[in-house]
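Because the structure is predicted, anything quoted here is derived from the model rather than measured. First the proteins, then the strands, lettered A, B, ... as listed; each starts at 1.
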2 protein chains.
Amino acid sequence: MMLSKKTKYGLKALTYLAKVKDREPVQIAEIAKCENISQKFLESILLTLRRNGLLGSKKGKGGGYYLIKEPNEIHMTTVMRVLEGPIAMVPCVSLNFYEKCDDCPDEGECSVHKLMLQVRDSALDVYRNNTLADLL
Amino acid sequence: MMLSKKTKYGLKALTYLAKVKDREPVQIAEIAKCENISQKFLESILLTLRRNGLLGSKKGKGGGYYLIKEPNEIHMTTVMRVLEGPIAMVPCVSLNFYEKCDDCPDEGECSVHKLMLQVRDSALDVYRNNTLADLL
DNA sequence: TATTATCCTACCAAATTGATAGGAATTTCA
DNA sequence: TGAAATTCCTATCAATTTGGTAGGATAATA
């Protein structure tokens, strides 16, 4: 149940970009150096953030990555889902990726289900109440 | 960030045992069968639950595992920590297993820290407010 | 003393994670 | 026009974690 480094690094990069004036493109190398992240690994993370509509990019000299929305419009629900996957800790309580447990005959009677439903709701609460702007 | 099967199975087994009359010992085989769990895997899970003071056991004929506390005295904070490990998703916000991130110069300024602190608190809230009895 | 059950250690295959390699595509600018 | 800068993309890899298995040691019962 640890946060993956992918998510950790992705969040740090987003934060870094949120602080940049005028949304100027920032190069991978700069972010990697300042945040102590393996450059190649960060490269792949920024790529998925771009593919999922959170970042824009520009190639060639003076190129790099930049936010395409304002920090207060970037919700942690989105960021977490893109980087870390479903917020629910079991598929049977997932809003977006629901799946029935094949070993569990009755969800209503399942203690795991009952508990994880609460955990999901409380996590969702946090993520919904935080945008990137709130973390600066 | 998925819940491990270890935790899932462990919780199901605890729930199963909580429903047993007079805390009679129940054999691994019975729980495994009723809850659709690999018997050998469940064996190792019950063992760690016993070693961590959540279960008692009895060997030989008529033996098995049983709760040694009442369900309403078994808190989910304990169960989760024993089965799943630290509740915090990053060591730098862990109460019981704190560790400084070596890549992060200032926790107070770290967005990951800020967010995960809230997530930890909200999860802790859920786990503190649930005993095994609440999940029956 | 035979049977029943937990106890314990070691092992294993599959999946995931964090990271690297190396070049293709695109943009800038001299 | 062409060299440099930068993202884009695919493939690969080692280490770790996870879920599960094997096989016998130990203890309790009858």
OP1 or OP2 of D:dT21 under 4.0 Å from side-chain N/O of B:S38: yes

Below 4.0 Å: OP1/OP2 of D:dG20 and any side-chain N or O of B:Y9: yes

Quick one: [X] [atom1] to [N] [atom2], roughly how many Å, whole number?
{"X": "A:Y66", "N": "D:dT7", "atom1": "OH", "atom2": "P", "result": "12 Å"}
{"X": "A:E84", "N": "C:dT16", "atom1": "CD", "atom2": "C1'", "result": "12 Å"}
{"X": "A:K5", "N": "C:dT17", "atom1": "NZ", "atom2": "P", "result": "13 Å"}
{"X": "A:F41", "N": "C:dT17", "atom1": "CZ", "atom2": "P", "result": "10 Å"}
{"X": "A:I45", "N": "C:dG18", "atom1": "CD1", "atom2": "C1'", "result": "9 Å"}
{"X": "A:E24", "N": "D:dT6", "atom1": "CD", "atom2": "C1'", "result": "16 Å"}
{"X": "A:K8", "N": "C:dG18", "atom1": "NZ", "atom2": "P", "result": "10 Å"}

Transitive ILVMFWY cluster of B:Y66, excluding itself - 4.5 Å side-chain cut-off: B:I68

B:D106 side-chain N/O to B:G108 backbone N/O, donor-acceptor pair under 3.5 Å: yes

Give each protein N/O atom lying under 3.5 Å from an N/O atom of nucleotides 11-17 of chain D, with the pair distance.
none

side-chain contact (heavy atoms from CB on, under 4.5 Å) partners of B:D121, counting only residues at least two apart: none

Residues that B:E70 engages under side-chain contact (heavy atoms from CB on, under 4.5 Å), provided they are two or more places apart: B:R23, B:N72, B:E73

Among A:K6, A:M76, A:E84, side chain to side chain contact (heavy atoms under 4.5 Å, CB included) partner for A:L11: A:M76

Nucleotide-resolved protein contact map, nucleotides 2-12 of chain C, B/S/- at heavy-atom distance under 4.0 Å: --BSBBB----

Using the side chain to side chain donor-acceptor pair (under 3.5 Å) criterion, which residues pair with [X]? Sequence neighbours excluded.
{"X": "B:E30", "value": "B:Y16"}
{"X": "A:S57", "value": "none"}
{"X": "A:S111", "value": "B:T15"}

For residues 129-136 of chain A, which side-chain donor-acceptor pairs fall under 3.5 Å, sequence neighbours excluded?
from, atom 1, to, atom 2, distance (Å)
A:N129, ND2, A:D125, O, 2.9
A:N130, OD1, B:Q118, NE2, 3.4
A:N130, ND2, A:V126, O, 3.0
A:N130, ND2, B:Q118, OE1, 2.8
A:T131, OG1, A:A133, N, 3.3
A:T131, OG1, A:D134, OD2, 3.2
A:D134, OD2, A:T131, N, 2.7

Can you list, pair by pair, the side-chain donor-acceptor contacts under 3.5 Å of residues 32-44 of chain B, counting residues two or more places apart and other chains?
from, atom 1, to, atom 2, distance (Å)
B:N36, ND2, A:D103, O, 3.0
B:S38, OG, B:F41, N, 3.3
B:S44, OG, B:F41, O, 2.7

For DNA chain D, the residues among residues 86-104 of chain A that have a non-hydrogen atom under 4.0 Å from it: none

Using a 3.5 Å cut-off and no angle test, enumerate the donor-acceptor pairs between side-chain atoms of residues 86-94 of chain A and protein atoms at least two apart in sequence or in another chain.
from, atom 1, to, atom 2, distance (Å)
A:S94, OG, A:F97, N, 2.9

